[in-house]
Amino acid sequence: MVRIASHIALVLMSNMMNQYILDPRPIHTRVTRTLEGRAQADLSTEPCKRFLKRNVGKRIDVVVLYADVDGSTRKSLQLSDRQFALIIQVFAQELSLVISSHEGYAFKYVGDAVVALFPVRDNVKKICQDAIHCSKNMIEVLEYVNPSLKSYGLLPFTAKVAFDYGGVLVVSYGKKLEKSHVDIVGRTISIVAKMLPYAKLTCIMAGQSIYDSLSDHESKELFTYCNAEKQGWSYIDERDGYPYKLYSLM
């Protein structure tokens with residue numbers, strides 16, 4: 001009974017968190033204050049670093065998700081450095097809140113991109129579903145962010161999102177773990193970065209491993225096949241020797 005009650009409490013808390021993250025009024029308040037120079041969230045990657053340090057030398061299963069500001073180079077030329085930095089800060093802040101609300105970790109902030117990890121603990125399907133919901137919420141939250149940017153005379157932005165599931169190796173670069181840089185290497189993180197250019201505006205791109213993690217009915221209902229080979233996609237799936245398939249999330 002205690003476990004059931006705890007689970008219900010966690011579900012209710014998660015639902016409340018999602019409502020807060022996607023509520024236009026708090027979003028407007030957060031964005032406005034951030035544009036005024038008062039950041040509203042801690043964008044630390046320390047929780048992810050602690051998780052990875054507990055798994056150094058191990059191969060772990062994760063969903064890797066990349067979210068990237070579309071046309072950032074063009075925007076950086078149209079805006080002052082200060083204005084462009086504020087846009088990137090708002091983007092990172094709001095997407096990081098979405099990631100944490102879906103039990104993911106903010107792994108890296110790379111220029112205008114946010115990289116997230118969703119560790120697979122005991123249920124691959126659930127983690128993949130969490131990443132699917134997270135990616136949808138990312139696109140949704142930006143729809144509420146842009147009006148606030150416009151009210152400050154800043155350019156609205158759109159994002160591209162790509163994610164996939166698979167194994168990565170956790171590695172430490174240094175002699176002392178507590179001071180070392182910890183990273184992940186492997187096919188999964190490499191291929192997700194390569195997937196982003198094939199995502200259209202406000203499109204969410206998923207790899208074949210995500211598609212295969214769901215039931216046939218769920219996959220066909222959620223995804224459409226993206227014939228990326230015609231655009232130059234040439235990565236081969238080592239399991240069968242055929243091009244690795246990409247899908248658009250509907």
Side-chain angles (χ1 to χ4, degrees), residues 48 51-68 95 99 102-108 110 113-139 159-173 182-250:
C48 189
F51 164 75
L52 292 176
K53 285 183 177 181
R54 293 195 299 268
N55 290 279
V56 166
K58 298 178 183 177
R59 183 174 172 82
I60 60 173
D61 290 333
V62 295
V63 172
V64 178
L65 182 151
Y66 269 72
D68 182 66
L95 266 56
I99 291 164
H102 289 85
E103 301 183 38
Y105 289 114
F107 172 48
K108 287 183 180 181
V110 186
V114 177
V115 187
L117 296 184
F118 296 82
V120 176
R121 295 177 174 88
D122 55 7
N123 189 327
V124 172
K125 182 177 178 180
K126 179 188 179 302
I127 297 303
C128 291
Q129 289 173 331
D130 285 345
I132 289 169
H133 295 148
C134 179
S135 62
K136 286 184 173 182
N137 286 165
M138 284 178 163
I139 300 299
K160 293 181 178 181
V161 180
F163 63 104
D164 204 5
Y165 155 72
V168 294
L169 179 66
V170 183
V171 295
S172 173
Y173 297 97
V182 179
D183 209 341
I184 59 173
V185 296
R187 184 201 68 86
T188 303
I189 191 164
S190 297
I191 205 166
V192 175
K194 300 292 192 298
M195 287 163 56
L196 265 180
Y198 295 87
K200 298 177 182 178
L201 288 182
T202 66
C203 168
I204 300 166
M205 186 73 71
Q208 186 174 341
S209 293
I210 293 286
Y211 185 92
D212 292 343
S213 72
L214 306 177
S215 68
D216 287 343
H217 173 73
E218 288 173 312
S219 294
K220 290 175 181 177
E221 199 170 68
L222 289 171
F223 297 102
T224 56
Y225 174 62
C226 175
N227 194 1
E229 294 94 315
K230 290 186 177 180
Q231 304 170 44
W233 178 261
S234 60
Y235 292 90
I236 302 300
D237 187 344
E238 66 273 11
R239 296 173 297 183
D240 56 21
Y242 290 100
Y244 190 71
K245 294 178 181 178
L246 304 182
Y247 295 87
S248 295
L249 183 61
M250 293 186 285

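Since we're looking at a predicted model, the values are computed, not measured.
- Note that CD of Gln231 is 9.0 Å distant from CG of Leu246, once rounded to the nearest 0.5 Å.
- Under the side chain to side chain contact (heavy atoms under 4.5 Å, CB included) criterion, Val56 pairs with Val170, Ser172, Leu177, Val182, sequence neighbours left out.
- Residues Met195 and Gly207 come closest through the heavy atom pair CE-N, 3.4 Å.
- Taking the six-membered ring wherever Trp is involved, the centroid distance between the rings of Phe163 and Tyr66 does not fall below 6.0 Å.
- Residues in residues 214-228 take part in these salt bridge (Lys or Arg N to Asp or Glu O under 4.0 Å) pairs, two or more places apart or across chains: Lys125-Glu218.
- Using modelled atom types, one side-chain atom of Ser219 and one backbone atom of Tyr211 make a donor-acceptor pair closer than 3.5 Å.
- The ring pair (Phe, Tyr, Trp, His ring centres under 6.0 Å) search around Tyr235 returns Trp233, not counting sequence neighbours.
- Taking CD1 from Ile127 and SG from Cys134, the interatomic distance works out to 11.5 Å, rounded to the nearest 0.5 Å.
- Of all heavy-atom pairs between Leu95 and Met138, the closest is CG-CG, 3.9 Å.
- Counting only heavy atoms from C-beta outward, the side chains of Cys128 and Val63 approach each other to under 4.5 Å.
- Of the residues listed (Leu65, Val64, Val114, Ile189), the one engaging Phe107 in a side-chain contact (heavy atoms from CB on, under 4.5 Å) is Ile189, and it is the only one.
- Cys48 and Ala106 make their closest contact through CB-O, 3.5 Å (heavy atoms, listed as atom of the first residue, atom of the second, distance).
- Pairing each heavy atom of Ile99 with each of Ala116, the nearest pair is CD1-CB, 3.5 Å.
- Using a 4.5 Å heavy-atom cutoff, the side chains of Cys226 and Tyr247 are not in contact.
- Evaluation of the side chain to side chain contact (heavy atoms under 4.5 Å, CB included) rule for Asp61 yields Val120, Tyr165 as partners, not counting sequence neighbours.
- Annotation: side chain to side chain donor-acceptor pair (under 3.5 Å) contacts of Tyr244 (sequence neighbours excluded): Asp164, Ser209.
- Scanning for salt bridge (charged side-chain N to carboxylate O under 4.0 Å, His left out) contacts around Asp212 gives Arg239, with sequence neighbours left out.
- Taking 4.5 Å as the limit, some side-chain heavy atom of Tyr198 sits within range of a side-chain heavy atom of Met205.
- Legend: residues meeting side chain to side chain contact (heavy atoms under 4.5 Å, CB included) with Lys136, ordered by chain and number and at least two apart, are Ile132, Ile204, Leu222, Leu249.
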>> Pair Asn137, His102 - check side chain to side chain contact (heavy atoms under 4.5 Å, CB included), show working.
In response: CA-CA 10 Å; Asn137 286 165; His102 289 85; 2.8 Å; yes
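- A salt bridge (Lys or Arg N to Asp or Glu O under 4.0 Å) check over residues 241-250, counting only residues at least two apart or in different chains, returns nothing.
- Closest approach of Ala199 to Lys160, counting heavy atoms only: O-CE, 3.0 Å.
- In this view, Asp130 and Lys126 satisfy the salt bridge (charged side-chain N to carboxylate O under 4.0 Å, His left out) rule, not counting sequence neighbours.
- A 4.5 Å side-chain heavy-atom check between Leu52 and Tyr105 finds every atom pair outside the cut-off.
- Legend: residues meeting side chain to side chain contact (heavy atoms under 4.5 Å, CB included) with Val185, ordered by chain and number and at least two apart, are Leu169, Val171, Tyr173.
- For the pair Val62 and Pro119, the tightest heavy-atom approach, listed with the atom from each and the gap, is CG1-CA, 3.9 Å.
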